[in-house]
Amino acid sequence: MTSPPTDTGGGAVESDADLSFDFGYAAPDAPPAPTDDDDPLLAGLTEPQREAVTHTEGPVIVVAGPGSGKTRVLTRRVAWLVAREGVAPWRILAITFTNKAADEMRERIAALLGDRDPTRGHSAAGVLVATFHSFCARMLRRYGPPERTPEFTIYDADDQKACMKRVIRARQLDPAQWKPRSVLGAISAAKNAMIDPEQFRSEAIGWRDRQIAELYAGYEEALRDYNALDFDDLLLYFVRLLESRPEVLAELRDRFRYVLVDEYQDTNRPQYRIANLLAGENGNLFVVGDPDQSIYRWRGADLRNILEFERDHPAAREIRLERNYRSSQAILRAAQHLIEHNEQRRPKTLHTENPPGEPLRWLRFRTDEEEAEAIAQEIEQRIEAGTRPSEIAVFYRANALSRRFEEALRKRWIRHVVIGSVPFWQRREVKDVLAFLRLLVNPDDTQALRRVFALTEGVGPATVRRLEELAASAGRSLLAVLLDPDAAARLRGRQRRAIAALRELFETLRALPPAPVRPVLETVLERTGYLEQLRGSDDPQEQARADNVAALLDGAAEFDEREPEGGIRGFLDRAALLSGTDEQAGDEEAVRLMTLHAAKGLEFDEVYIVGFDQRLLPLERDETGCDLEEERRLLYVGITRARHRVTLTSSLLRRTWGQERAAQPSRFLRELPDDVLERAGGAHAAVRGRCAPLTASPQEHDRWDGIDEPPEPPAARRRTRPNAGPVPNRARARLQALLAETRARTATAAEPAVGERVRHPVFGDGQVLRLQGSGPGRRAVIEFDRRGTKTLLLQYARLERLGS
DNA sequence: CTAGACTCATTTTTT
DNA sequence: ATGAGTCTAG
Ligand SMILES: Nc1ncnc2c1ncn2[C@@H]1O[C@H](COP(=O)(O)OP(=O)(O)OP(=O)(O)O)[C@@H](O)[C@H]1O
């Protein structure tokens, strides 16, 4: 940073720095130099930001903290290249982390270039903005991957799992010991490290690794048979394509003269290869990122990519952006203080001219239910006070935590959307219907065919086995056998009719043109009766499924309109590549709920980070430790999403996966500076108000000491808790009362008998149909008068007995 | 072949 | 709480 410290910039929201938040370094990014001020593409940019936009030739790396304008600079740079440097849009490749980010960036580029419609416009339309995965898929479709045809199918986690399950079973391994998920995890790690089955085998140490190597090879073989690629393969096979076909590499290098990568800190090795192959050593590779925001190491993200950029590109220009435009001083200071606890990190300066802002708040509740209620209530007040719902976000470590908050918000009629969790395109009903389309594109997609068989009445395991035998002996694909009228002739009765009907359906579908997509889907639904069957059910869950199928039809219609040439193939690619976080929130004006991971790159006025408990954030799974530094970065990302307000919440008791557990606040609480953290407020009122103090024995003292808060210096404690008595005592007392109450609640009435009427606080009155299981897992199946039949865990459901 | 009952494991984060 | 896998009866 060479710019002199002068004034405080010109943004509307900015105010003079408050001296009480002196970070101890001098130079903020310089304000815009007056000279180029009239260029709208540079308007409002600081000097280093301008340099990042206009320094167009050669490798450039921007390393900068949150909210410093990295994404903004990248977007402007694309516009600059097109509008000022006269670069043809199709020579530019911009890589984002999610498809949603790609969509947004495309729109912003279009807006900067003055296009009306980003999909049709002139200049912006040619810029390729995509994630690595969609970019690779696209290129592989165009040039054809090694060992596959361009019609290959993209396998998602479900397909992978089903496939691996078969590989494991074929080898007659103990399914209890060989879990598809964990084997696939090992394989994925290998793929991210660019290790193929052979190498894996040769490097395997020990019996288990050798078995995994064997499964890896089997899995690869299966995918080859199915003409399928998994997510990791998209990257890998593209690398192989580039390495094995110099003419393709040359063509693409020539085409993509400018390669830009956002969120570079979370790229993995194959992605790194791709970027470097495309750009060449001194090519125009522009990467932006923040090592402190790297949160995907578990997925193969490799910090070396960003840390060693300059070694890889000796000619690289490094640009630092050190001014944060997003957050208040309090938020920024808390985040900085937190992240400085990471030992493996290079120090970075970051300051803001934004107002000091309110301190962060830590609230603590007795139960997770109260936590959710209180947050919902507060959100309601904030909205009434004028905050836009879409400017409020609730973040949690794991999707499982969203439920209580959803319920609490729904109860108050607060508009909200859950981002991620169960991606639309991965829902069973959606995948069922899409299986038919997959087969039309790729007849070798046997996994899809199995799905179709499973859906077909009259075709069970025996029939499938019979067809498989026929296929194997004739050396043909399963679908070929199905489509062969002679094959059906070998079956009898119901099976024969079912197979014949399926064959006719496929013949009809094949006669349809590949675009538009919607009519194809409609034919599938009509002929299989799938939608009707769902609609015909009185199970509300099935109705929801039916709605999803209907939404799929709408999605197809929309796709047809937007990409008339896309066809089934394009539609399926979208389905495979879009993730949960990509789904645009249907309700623009709604509170957003999402995981901390999904929050990356976003910004909100007010942020609630819930489930701020030890064991939850840092998430600790039994035995398997956690990557503490990465967990800390995750919290850092969460906090730095906020412009004005950050609230962290913990609960004394948390009910997760069927069991109640005492919880402690996150250890990270201690790492937030006291002068910008408010802990006294509502939390203690919430907890204290309802528990009578008890006295307890010294043994219990030891047991419960520390449950209140992680240890901290007494001085700090006194300051933040005005009327603190003997703390361990209070903590102990509180917990005693709570646990007693919980015990009482669960132990209350003896269990209801079959046929007895009961009342549930949420579902209302109902009748016990049957009881099953024993011990803590004992369940009752209850038919509720209004809410249908549900199975409830007795220890968990607060049932009131009403008698027979 | 199907439907229903029952047991068991399962939950981190996602392109 | 939910889903997948297994077993049994029809
Ligand atoms: N020079 C500027 N003047 C005014 N606002 C700016 C400036 N630069 C960036 N901003 C604003 O700061 C916010 C953060 O920008 P951006 O999202 O590009 O940052 P980032 O570095 O990519 O953040 P993160 O790493 O946290 O995702 C945006 O609201 C952006 O509009």
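So you know, we letter chains A, B, ... as the sequences are listed, proteins then strands, and number each from 1.
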TODO: Determine which pairs satisfy side-chain hydrogen bond (donor to acceptor under 3.5 Å, both in side chains) with at least one residue from residues 170-182 of chain A, sequence neighbours left out, and list them in order.
DONE: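 Found A:R171-A:E214.
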Separation of [X] atom [atom1] from [N] atom [atom2], in whole Å?
X: A:H597; N: B:dT12; atom1: NE2; atom2: P; value: 12 Å
X: A:Y396; N: B:dT12; atom1: OH; atom2: P; value: 16 Å
X: A:Y296; N: B:dT12; atom1: OH; atom2: P; value: 15 Å
X: A:Y155; N: B:dT14; atom1: OH; atom2: P; value: 24 Å
X: A:N399; N: C:dA1; atom1: CG; atom2: P; value: 18 Å
X: A:L596; N: B:dT14; atom1: CG; atom2: P; value: 10 Å
X: A:M594; N: B:dT12; atom1: CE; atom2: P; value: 21 Å
X: A:F97; N: B:dT13; atom1: CZ; atom2: C1'; value: 10 Å

Task: Over-ring placement of A:R397 relative to A:F612, 6.0 Å and 45° cut-offs - done: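 A:R397 over A:F612 ring: no.
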Task: Geometric class of the A:H133/A:F231 ring pair [parallel <30°, tilted 30-60°, perpendicular >60°] - done: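 Aromatic pair A:F231/A:H133 classed perpendicular.
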- [ ] Would you please classify the geometry between the A:Y155 ring and the A:Y226 ring as parallel, tilted or perpendicular, with 30° and 60° separating the classes?
- [x]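 Tilted, since the angle between the ring planes falls between 30° and 60°.
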Open item on the list: Just to be sure I understand the geometry, which residues of residues 156-166 of chain A put a non-hydrogen atom under 4.0 Å away from DNA chain B?
Closed with: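 None - not one residue of the stretch has a heavy atom sitting under 4.0 Å from the strand.
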Task: Shortest non-hydrogen contact between A:S402 and A:L593, atoms and distance - done: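 The pair with the smallest heavy-atom distance is O-CD2, 4.2 Å.
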Task: Aromatic ring of A:W298 stacked on base six-ring of B:dT13, 5.5 Å, 30° - done: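 The base of B:dT13 is stacked with A:W298 (centres under 5.5 Å, planes under 30°).
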Task: Nearest-nucleotide 5' precedence on DNA chain B, A:R397 against A:F132 - done: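 The residue mapped nearer the 5' terminus is A:R397.
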Open item on the list: List the residues meeting ring pair (Phe, Tyr, Trp, His ring centres under 6.0 Å) with A:F453, not counting sequence neighbours, and say none if there are none.
Closed with: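 Counting only residues at least two positions away or on another chain, A:F453 forms no ring pair (Phe, Tyr, Trp, His ring centres under 6.0 Å).
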